[in-house]
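So the structure is just underneath, and the comments pick up after that.
Quick note on labels: first sequence line is chain A, next is B, and so on, each numbered from 1.
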Amino acid sequence: MFGLLKSHYCGELRAEHVGQRVAMAGWVHRRRDHGGLIFIDLRDREGMVQVAFDPKASPQGHAVAEEMRSEYVVRVEGQVRRRPPGTENPKLATGDVEVVAEAAEILNPSQPPPFYIYEDGEVEESLRFKYRYLDLRRARMRDNILLRHRVVKFIRDFLDARGFVEIETPVLIKSTPEGARDYLVPSRVYPGKFYALPQSPQQLKQLLMVAGFERYFQIARCFRDEDLRADRQPEHTQLDLEMSFVEEKDILDLMEELITALMAEVKPSSRMLKPFPRLPYKEAMACYGSDKPDLRFGMEINDLSDLVADSEFTVFRAALGEGGRVKGFCAPGCAGYSRHQLEELTGLARSAGASGLVTMALVGEGSSPWSTVRSAAAKFLTQDQMAGITQRLEAGTGDLILLVAGQSPTVEKVLGHLRLEMGHRLGLADPDLFAFAFITEFPLLEWNSDGERWEPSHHPFTAPYEKDLALLDTDPGRVRAKCYDLVCNGLELASGSIRIHKRPLQERIFRLLGYREEDIQERFGHLLEAFEYGAPPHGGIAPGIDRLVMLLAGEDTIREVMAFPKTQSAQDLLMGAPSSVTEEQLRELHLAIRPERRQR
RNA sequence: GGACCCGUGGUGUAGCGGCCUAACAUGCGGCCCUGUCAAGGCCGAGAUCGCCGGUUCGAAUCCGGUCGGGUCCGCCA
């Protein structure tokens with residue numbers, strides 16, 4: 001399995017190898033020099049094994065070991081033996097054995113690394129970026145990258161077994177101005193013209209359905225020139241997937257099967273909600289204040305408007321009078337929150353867009369949970385109203401009720417924020433639970449108040465529900481789409497939809513979006529024409545590989561699961577990209593750099 | 001475009017107006033040491049506290065700016 005330099009991985013040696021002559025090669029992880037005897041922990045990507053250099057067994061090997069330092073690349077020949085009784089190391093997978101060196105050579109020395117390879121302690125991220133090749137040697141990154149490989153490999157095998165065909169689509173394609181900002185590539189051959197890097201292979205995979213491949217997938221790189229976040233990089237990887245002759249349920253079932261099998265393979269100790277909950281968008285917003293709810297804990301939001309409609313409390317009256325709602329949820333065991341803690345929560349509610357927060361601490365010792373309530377609103381509410389609120393929120397003595405009054409969807413959004421905060425503070429999320437769920441029935445369109453026009457909430461190729469088609473002309477905002485997200489633990493992992501596959505409906509949607517006829521022809525003419533040559537009904541979904549692996553690795557940013565990520569300012573600190581190019585390169589591309597007007 | 005956090009020997013931290021001639025751990029170099037595995041013991045080198053300017057008798061410490069990294073809002077069909 002190896003070449004001439006190496007017979008085994010370091011991490012692979014076990015008691016069964018005792019007695020074998022082996023050739024080992026790797027990096028010096030640690031060196032322990034006892035003057036006479038020297039121990040080396042020799043590391044490679046599969047793990048570590050101890051090498052013992054005894055001057056009596058090999059004076060040459062021992063002499064070389066004296067020169068060895070951290071991260072030297074070395075090669076050792078010797079015999080595997082069981083460690084002397086009492087010196088086994090149970091912390092090491094290879095801890096029952098060691099290699100007794102009979103010969104050794106230094107293949108390449110190393111400078112002392114700028115940070116520890118053998119510890120997973122925090123190192124400033126800019127330094128990790130600059131020396132990414134060293135960072136990737138550390139156990140945390142190595143494990144993440146190896147996990148990523150296993151995830152992608154599993155997906156490929158899973159889909160192959162189900163008749164999916166992996167097809168590559170071009171990276172140099174045509175710019176589509178709507179959506180995210182494109183990365184552009186200037187054309188040398190056509191002055192003034194540009195290719196764009198794909199934001200996703202959306203149209204191409206639909207054309208593959210028209211071509212009749214029926215089941216396509218690709219591990220596809222996608223590019224977006226937008227500002228970065230912990231879960232957003234200029235380029236990311238999607239499992240792009242499309243199927244013909246399917247309805248929404250087929251795709252969700254396939255995804256559920258894929259994720260379930262994947263979890264069993266790479267996270268066998270984890271638990272899931274089975275079957276995956278399928279929540280309509282409306283319900284997710286109403287109960288969790290989010291279209292990517294964290295279902296690891298409850299604390300659902302409830303509408304209390306009807307219960308407090310007659311109250312004298314001006315905060316509630318004003319909100320309800322303006323067509324708003326009063327909603328809230330119960331934070332168990334938080335009645336003892338201090339004034340300071342409550343003010344923190346109020347600040348959070350304000351920064352999320354609420355005008356305030358009403359808290360009700362059920363501190364009472366009385367006959368019912370609501371008999372002693374600490375709240376600014378208490379004196380305006382009758383015992384009946386308090387009873388109704390506590391019952392609907394399933395609140396009891398010792399609990400804290402959080403209420404927000406105002407307009408939808410701000411009320412829900414604010415409570416959604418607070419719910420996540422309380423879930424975090426109370427440690428309600430089971431660390432072994434991966435609460436996958438599908439969010440369905442997204443609205444087809446969203447009103448853009450800046451541009452005074454309708455925008456697709458997913459993309460313009462998404463099919464509306466047939467039963468909502470009549471609303472397209474009368475009340476477009478209420479049209480639901482055959483569009484779905486896969487979410488997990490508050491993270492959006494995938495988006496997909498059933499696509500439009502007939503020209504008239506696709507044209508109708510484009511017009512509703514306010515595209516001009518000539519733009520439709522210029523940008524989408526090829527797709528519309530394709531729909532006239534026997535386009536099958538089709539749909540798909542595209543999980544983000546980076547986010548999925550991040551979730552499985554327990555990391556907080558996708559940078560930790562990408563080999564060579566960029567900084568938040570979109571730079572590659574290792575290679576130094578982006579960089580200037582020569583005047584000659586610019587001339588070939590017919591480009592001139594426009595001088596930036598400097599501020600001040 | 002905006003808000004906030006961080007920047008002190010190689011690394012990670014402490015110090016937050018004078019006691020700093022900057023502390024601790026680890027790493028690095030030397031010497032000793034034959035069963036360690038975060039090896040141990042002794043000795044040593046290593047920092048003008050990101051950069052520029054200001055306040056002050058005095059600045060790592062306070063203020064302003066700037067650069068770099070990060071988190072979030074906007075943005076991300």
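The CD atom of A/Glu441 sits 10.5 Å away from atom CG of A/Leu279, with the distance rounded to the nearest 0.5 Å. Once rounded to the nearest 0.5 Å, the distance linking CG of A/Leu420 with CZ of A/Arg425 reads 12.5 Å. With rounding to the nearest 0.5 Å, the separation of CZ in A/Phe564 from CG in A/Leu574 is 6.0 Å.
Using modelled atom types, no side-chain atom of A/Gln20 and backbone atom of A/Arg81 make a donor-acceptor pair closer than 3.5 Å.
Ion pairing between a basic and an acidic side chain is recognised when a charged N comes within 4.0 Å of a carboxylate O; A/Glu517 and A/Arg511 show such pairing. Remark: A/Arg419 does not engage A/Glu421 in a salt bridge, criterion side-chain N to carboxylate O under 4.0 Å. Look at A/Arg140 and A/Glu555 and you find a salt bridge, because one of the NZ, NE, NH1 or NH2 atoms lies within 4.0 Å of a carboxylate O, short of that distance.
Contact of A/Arg128 with B/rU11 (side chain to base): no donor-acceptor pair of N or O atoms is detected under 3.5 Å. Residue-to-nucleotide contacts include a donor-acceptor pair under 3.5 Å from the side chain of A/Gln50 to the base of B/rU36. In the interface, the side chain of A/Arg224 is not paired with the base of B/rC75 through any donor and acceptor atom under 3.5 Å apart.
The interatomic distance linking A/Tyr116 (OH) with B/rG12 (C1') rounds to 6 Å, in whole Å. Atom CG of A/Asp135 and atom C1' of B/rG69 are 14 Å apart (whole Å). Atom P of nucleotide B/rG35 and atom CD1 of A/Ile38 are separated by 13 Å, given to the nearest angstrom. In this structure, the OH atom of A/Tyr183 is 18 Å from the P atom of B/rC75, given to the nearest Å. Computed from coordinates, the A/Arg69 CZ to B/rG10 C1' distance equals 16 Å when rounded to whole Å. The distance between atom CD of A/Gln238 and atom P of B/rC76, rounded to the nearest whole Å, is 16 Å. Going from atom CD of A/Glu66 over to atom P of B/rG30 covers 11 Å, rounded to whole Å. For the pair A/Leu37 CG and B/rC32 P, the computed distance is 17 Å after rounding to whole Å.
Nucleic acid contact for A/Arg229: base, since at least one base atom lies under 4.0 Å from a heavy atom of the residue. Using a 4.0 Å heavy-atom criterion, one finds that A/Pro84 contacts the bases of the nucleic acid, with or without backbone contacts as well. In this structure, A/Glu125 reaches the sugar-phosphate backbone alone: every heavy-atom distance under 4.0 Å involves primed, P, OP1 or OP2 atoms, never a base. Contact annotation for A/Glu122: backbone-only contact, meaning every heavy-atom pair under 4.0 Å involves sugar-phosphate atoms and none involves a base. Within 4.0 Å of A/Glu88, counting heavy atoms only, lies at least one base atom of the nucleic acid. Looking at heavy-atom distances under 4.0 Å, A/Thr557 makes contact with sugar-phosphate atoms alone, never a base. Counting any heavy atom pair closer than 4.0 Å across all strands shown, A/Arg81 reaches a base atom. If you check every strand for non-hydrogen atoms under 4.0 Å, A/Arg31 touches nothing. Here A/Thr87 lies in heavy-atom contact (under 4.0 Å) with a base. Contact annotation for A/Pro456: backbone-only contact, meaning every heavy-atom pair under 4.0 Å involves sugar-phosphate atoms and none involves a base. A/Asp225 comes within 4.0 angstrom of no nucleic acid atom, judged by non-hydrogen atoms across all strands.
Of the residues near RNA chain B, A/Ala230 and A/Pro460, the one whose nearest nucleotide (by heavy atom distance) lies more toward the 5' end is A/Ala230. Residue whose closest nucleotide on RNA chain B sits further toward the 5' end, between A/Glu455 and A/Asp231: A/Asp231.
Proximity of residues 91-102 of chain A to RNA chain B (heavy atom under 4.0 angstrom from any strand atom) is restricted to A/Lys91, A/Glu98.
In terms of phosphate contacts, A/Gln199 brings no side-chain nitrogen or oxygen within less than 4.0 Å of OP1 or OP2 of B/rC76. Look at A/Ser569 and you'll find a side-chain N or O under 4.0 angstrom from OP1 or OP2 of B/rG69. Within the structure, a side-chain polar atom (N or O) of A/Gln571 is placed less than 4.0 Å from OP1 or OP2 of B/rG69. Under 4.0 angstrom from either OP1 or OP2 of B/rC76 there lies no side-chain N or O belonging to A/Arg181.
Taking atom C1' in both B/rG15 and B/rC20, the straight-line distance is 9 Å, to the nearest Å. B/rA39 and B/rG27 have their C1' atoms separated by 16 Å, given to the nearest Å. Comparing the P positions of B/rG17 and B/rU61 gives a spacing of 11 Å, expressed to the nearest Å.
Listed nucleotides B/rG69, B/rU36, B/rG27 differ in distance to A/Tyr118; the shortest reach to its side chain belongs to B/rG27. Distances from the side chain of A/Arg32 to the nucleotides B/rC28, B/rU34, B/rA39 place B/rA39 closest. Of the candidates B/rG74, B/rU71, B/rU36, B/rG74 carries the atom nearest the A/Arg232 side chain, counting heavy atoms from C-beta on. Listed nucleotides: B/rG12, B/rU36, B/rG69. Nearest to the side chain of A/Val123: B/rG12. Candidate nucleotides B/rU11, B/rG35, B/rA39 were compared by shortest atom distance to the side chain of A/Leu127, and B/rU11 ranks first. Comparing B/rC72, B/rG1, B/rU11 by their closest approach to the side chain of A/Asp227 singles out B/rG1. Closest to the side chain of A/Phe129, out of B/rG68, B/rG70, B/rU71, is B/rG70.
Both thresholds, 5.5 Å between centres and 30° between ring planes, are not jointly met by A/His34 relative to the base of B/rG35, so the two rings are not stacked. Under the stacking criterion of a centre-to-centre distance below 5.5 angstrom and an interplanar angle below 30°, A/Phe39 sits stacked against the six-membered ring of B/rU36.
The partner of B/rC24 is B/rG12, judged by Watson-Crick or G-U wobble contacts that both fall below 3.5 Å.
Partners of A/Asp485 under the side-chain hydrogen bond (donor to acceptor under 3.5 Å, both in side chains) rule, at least two apart in sequence or in another chain, are A/Ser495.
Here the two rings, on A/Tyr183 and A/Phe194, have centers that are 6.0 Å apart or farther.
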Applying salt bridge (charged side-chain N to carboxylate O under 4.0 Å, His left out), run through A/Asp96 and A/Arg82 and close with a yes or a no. CA-CA 6 Å; A/Asp96 286 336; A/Arg82 190 172 290 281; 5.2 Å; no
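Classified by interplanar angle (parallel below 30°, tilted 30° to 60°, perpendicular above 60°), the ring pair A/Phe524/A/Phe461 is perpendicular.
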